[in-house]
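Here's the structure, in structure tokens; my notes come after.
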Amino acid sequence: MTDPGKPSHFIRDAVVEDLRTGRFPGVVTRFPPEPNGYLHIGHATAICLDFGMAAEFGGHCNLRFDDTNPVKETQEYVDQIMRDVRWLGFDWGDHLYHASDYFEQLYDWAVQLIKAGKAYVDDLTAEQMAEHRGTLTAPGRESPYRTRSVDENLDLFARMRAGEFEDGTKTLRAKIDMASGNINLRDPVMYRIRKTSHQRTGDTWCIYPMYDWAHGQSDSIEGVTHSLCTLEYEDHRPLYDWYLEALGIFHPRQIEFARFNLSHTMMSKRKLLTLVEDGVVTGWDDPRMPTLAGLRRRGYTPGSIRDFADRVGSAKAPKTVELGHLEHCLREDLNKRALRRMAVLRPLKVVIENYPEGQTEELEAVNNPEDASAGTREVPFSRELWIDEDDFKEVPPPKYFRLSPGVEVRLRYAYIVKCTGVEKDAAGNVVAIRCTYDPDSRGGDARGRKVKGTIHWVSAREALPAEFRLYDTLFTAPKPDDAEDFKAVVNPNSLETAQGWVEPSFRDADADDRFQFERVGYFCVDSRDSSPSRLVFNRAVGLRDTWAKIEKGMSP
RNA sequence: UGGGGGAUCGUCUAGAGGUAGGACGCCAGGUUCUGGCCCUGGUAGCGGGGGUUCGAAUCCUCCUCCCCCAGCCA
């Protein structure tokens, strides 16, 4: 089952050990999102781990919504999360659950703890409770209500459920240890009163369980063996274990791993929400967002994200992965699969003086040199073409292989042309280039001469207009989370728009289709704004650009 | 001056007493009708001090630095 050649990680090791010792007969995991926001690339690594471990050991992974706080959660988020998990390539089968499915059971168990003298109803206000909790270095003080009788607690708790008390006036707390060095053990709240209707249970409940009280028990009910979560819950494990022990029910094992940060972005759902609400981005699915919805719209493939998760691995040390790592995974995936096309982002007119006016010929172009089965297509060629501004320089710098006066270049899949002159406007800007072509140099001819440069082009008459959205990182700082104000390091140039042309084969492109625009980058048809009459492409990631590096090295 | 974790190339990650390896990045070269892909080579690391040992990234010890926790959020 496990690939022996592949390095393991501490979680896999732990699972293998648990199976070997018989602590658990099999493996059941769970991915437990709270439906209060969109899933992001950080969640993706958790999803890959949860579903991946289950699959690797022949078990299954549950999708469980941690819907214990109705004031923050919505059905829209639930729907989006399911869509994103599926898109990533995972299937929970019949194992779709909600913490809210267990509210009745959780209530019964709370009663059981009260009867055992391990839980009590507290009347302290939130402020008083904070005050009693002590500090990191000083122990807390016990609540005056801590010694209520079992009967009184039972009566009060039933009346809490019945709605007799207002929000915030009472809580149910576990009776553990107010002097514990672990603050989570200083009589944690199990239930709070929230007279808010819940997206699934409606107004059935006005008391809602806290995360700690719901999570472990939900795991137990579902027979989860390995409850994998992030490091900030490490301090909660003693409480997780305490509840399970106190109840005497099936005891899953919680294992914590480090969440990761991606450079030039941030994952806090709260901050992402702020970006959406403040209009810094156009929504949760803005292609600059690290959300799965944003990455999908940007042009990322699920496979590239899974590969990325795999490479980043699972460990306990905090890490900030360079964005380049993610981009590499995308390029590698798309290089194998994306169809090649030609597009001109910043158009410059080329007139081929010795090519017959009114003539058009169809030239054969390879769809994907990495995949012969992708076949070929025909692209029209004519006297007037568009090329990219970057591919012409009146005064070429050293090592510039592209077009300039007197120089020859290959037009991809077409002819070799030579620049014979330029046309300028009154201000001296180059507005068109004049060339001659060599009729014997047609693309595909084996006897072809070699020239230093090859550039891409689109026939002006047949070209389709298109908008290109060129993205840069949303933040200028490598670690925006470290900034005092993350809004201050938002990149003002994270989106640049260009109007250009694409070859006519795009007449019937579908939303989310991804292509490689030769020599430029990988682009995706925008799922929101693109239409047959107005094509819009998002740049997922540029091609590696060694010329840009050379050029950068030349300028001071 | 509480509790819980963590530290290996610039970044991520292997290594469980026996030559510190891989990936990304970067540099150099080869190939090329994409300055892409691919191929070759190079660069660069065990936080620090003691100790055990023939031998330590690994075991012991002291120290340093970093992260998390004081919601009726998850």
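Just the heavy atoms: all of them, side chains too, but no hydrogens, waters or symmetry mates, feed the values below. The chains referred to below are lettered A, B, ... by the order of the sequence lines, with proteins before strands, and numbering in each begins at 1.
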**Asked** Are a donor atom and an acceptor atom from the side chains of A:D187 and A:Y120 found within less than 3.5 Å of each other?
**Response** yes

**Asked** Is there a donor in the side chain of A:T171 and an acceptor in the side chain of A:D122, or the other way round, less than 3.5 Å apart?
**Response** no

**Message:** Counting only side-chain nitrogens and oxygens, does A:R544 get under 4.0 Å of the OP1 or OP2 atom of B:C37?
**Reply:** yes

**Item:** Strand partner of B:A74, provided both Watson-Crick or wobble distances fall under 3.5 Å
**Value:** none

**Item:** Selected nucleotide, minimal atom distance to A:T454 side chain, candidates B:G35, B:C12, B:C73
**Value:** B:G35

**Message:** Counting distance alone, no hydrogens or angles: does the base of B:G35 have a donor or acceptor under 3.5 Å from a partner atom on the side chain of A:R402?
**Reply:** yes

**Request:** Respond yes when some side-chain nitrogen or oxygen of A:K319 is under 4.0 Å from OP1 or OP2 of B:U13, and no when none is.
**Result:** yes

**Asked** If you look at every strand shown and take non-hydrogen atoms under 4.0 Å, does A:A126 touch a base, only sugar-phosphate, or nothing?
**Response** base

**Request:** Hunt down the Watson-Crick or G-U wobble partner of B:G21, both distances under 3.5 Å, from any strand shown, or write none.
**Result:** B:U13

**Complete:** Regarding the side chain of A:L543, the nearest nucleotide among B:U34, B:C73, B:C72 is B:U34

**Message:** For A:F468 and A:F537, take the angle between the two ring planes, folded into 0 to 90°, and tell me which bin it lands in: parallel under 30, tilted 30 to 60, perpendicular over 60.
**Reply:** parallel

**Request:** Determine which nucleotide pairs with B:C26, using a 3.5 Å limit on both distances of a Watson-Crick or G-U wobble pair.
**Result:** B:G42

**Item:** Base B:U34 paired with A:R340 side chain (donor-acceptor, <3.5 Å)
**Value:** yes

**Message:** Checking base pairs now: Watson-Crick or wobble, both atom distances under 3.5 Å. What partners B:A7?
**Reply:** B:U64

**Prompt:** With sugar-phosphate meaning primed atoms plus P, OP1 and OP2, does A:K72 contact a base, only sugar-phosphate, or nothing at under 4.0 Å between heavy atoms?
**Reply:** base

**Asked** Do any side-chain nitrogens or oxygens of A:R192 fall under 4.0 Å of OP1 or OP2 in B:C73?
**Response** yes

**Prompt:** Is there a donor and acceptor pair closer than 3.5 Å between the side chain of A:D235 and the base of B:G3?
**Reply:** yes

**Prompt:** Does B:C37 have a Watson-Crick or wobble mate here (both distances under 3.5 Å), and if so which one?
**Reply:** none

**Asked** Between B:U11 and A:R311, is there an OP1 or OP2 to side-chain N/O distance shorter than 4.0 Å?
**Response** no

**Message:** Rounded to whole Å, how long is the line connecting atom NZ of A:K452 with atom C1' of B:U31?
**Reply:** 12 Å

**Aromatic A:Y107 / basic A:R161 pairing, under 6.0 angstrom, 45° off normal** = yes

**Asked** Can you tell me if NZ on A:K479 sees more than 12 non-hydrogen neighbours from other groups inside 6.0 Å?
**Response** no

**Prompt:** Does OP1 or OP2 of B:G35 have a side-chain N or O of A:R519 closer than 4.0 Å?
**Reply:** yes

**C1' gap between B:G21 and B:C54, integer Å** = 25 Å

**Message:** Between the base of B:A70 and the side chain of A:H132, is one N or O donor paired with an acceptor at under 3.5 angstrom?
**Reply:** no

**Message:** Which residue in the set A:W457, A:F392, A:W501 passes ring-ring contact (aromatic ring centres under 6.0 Å, His included) when paired with A:W386?
**Reply:** A:W501

**Prompt:** Does A:R133 place a side-chain N or O at less than 4.0 Å from the phosphate oxygens OP1/OP2 of B:C72?
**Reply:** yes

**Message:** Taking 5.5 Å and 30° as the limits, would you call A:W547 and the base of B:G35 a stacked pair?
**Reply:** yes

**Asked** Looking at B:A74, B:G3, B:G35, which one has an atom nearest to any side-chain atom of A:F401?
**Response** B:G35

**Item:** Pairwise P distance, B:A7 and B:A16 [rounded to whole Å]
**Value:** 16 Å

**Asked** If you look at every strand shown and take non-hydrogen atoms under 4.0 Å, does A:M129 touch a base, only sugar-phosphate, or nothing?
**Response** base

**Request:** Would you please say whether a donor-acceptor pair under 3.5 Å links the side chains of A:S220 and A:Q217?
**Result:** no

**Message:** Measuring from the side chain of A:E518 (C-beta onward, heavy atoms only), which nucleotide among B:U34, B:G36, B:C73 has the closest atom?
**Reply:** B:U34

**Request:** Return no unless some side-chain N or O of A:S180 is found under 4.0 Å from OP1 or OP2 of B:G2.
**Result:** no

**Prompt:** On a whole-Å scale, what distance lies between the C1' atoms belonging to B:G22 and B:G4?
**Reply:** 32 Å

**Message:** If the glycosidic angle sits within 90 degrees of zero it is syn, else anti. Tell me which applies to B:G71.
**Reply:** syn

**Message:** For the P atoms, the ones on B:U13 and on B:U8, what distance do you get once it is rounded to whole angstrom?
**Reply:** 8 Å

**Message:** Within the 4.0 Å heavy-atom criterion, would you say A:Y191 contacts the bases, only the backbone, or no part of the nucleic acid?
**Reply:** nothing

**Prompt:** Do A:E322 side-chain and B:G10 base share a donor-acceptor contact under 3.5 Å?
**Reply:** yes

**Message:** Partner lookup for B:C59, please. Criteria are Watson-Crick or G-U wobble with both distances under 3.5 angstrom; report none if nothing qualifies.
**Reply:** B:G51

**Message:** Heavy atoms only, 4.0 Å cut-off, all strands: where does A:P369 land among base, sugar-phosphate and nothing?
**Reply:** base

**Message:** Looking at A:R194, I'd like to know whether one of its side-chain N or O atoms comes within less than 4.0 Å of OP1 or OP2 on B:C73.
**Reply:** yes

**Complete:** Among B:A7, B:C12, B:U34, the one nearest any side-chain atom of A:H325 is B:C12

**Item:** The single option from A:R449, A:K452, A:R402, A:K450 passing salt bridge (charged side-chain N to carboxylate O under 4.0 Å, His left out) against A:E408
**Value:** A:R449

**Message:** When you measure from the side-chain N and O atoms of A:K316 to the phosphate of B:G4, is any distance below 4.0 Å, counting only OP1 and OP2?
**Reply:** no

**Prompt:** If you take atom types as modelled and just measure distance, does the side chain of A:E370 reach the base of B:G36 with a donor-acceptor pair under 3.5 Å?
**Reply:** yes

**Separation of the P atoms in B:U1 and B:C66, to the nearest angstrom** = 13 Å

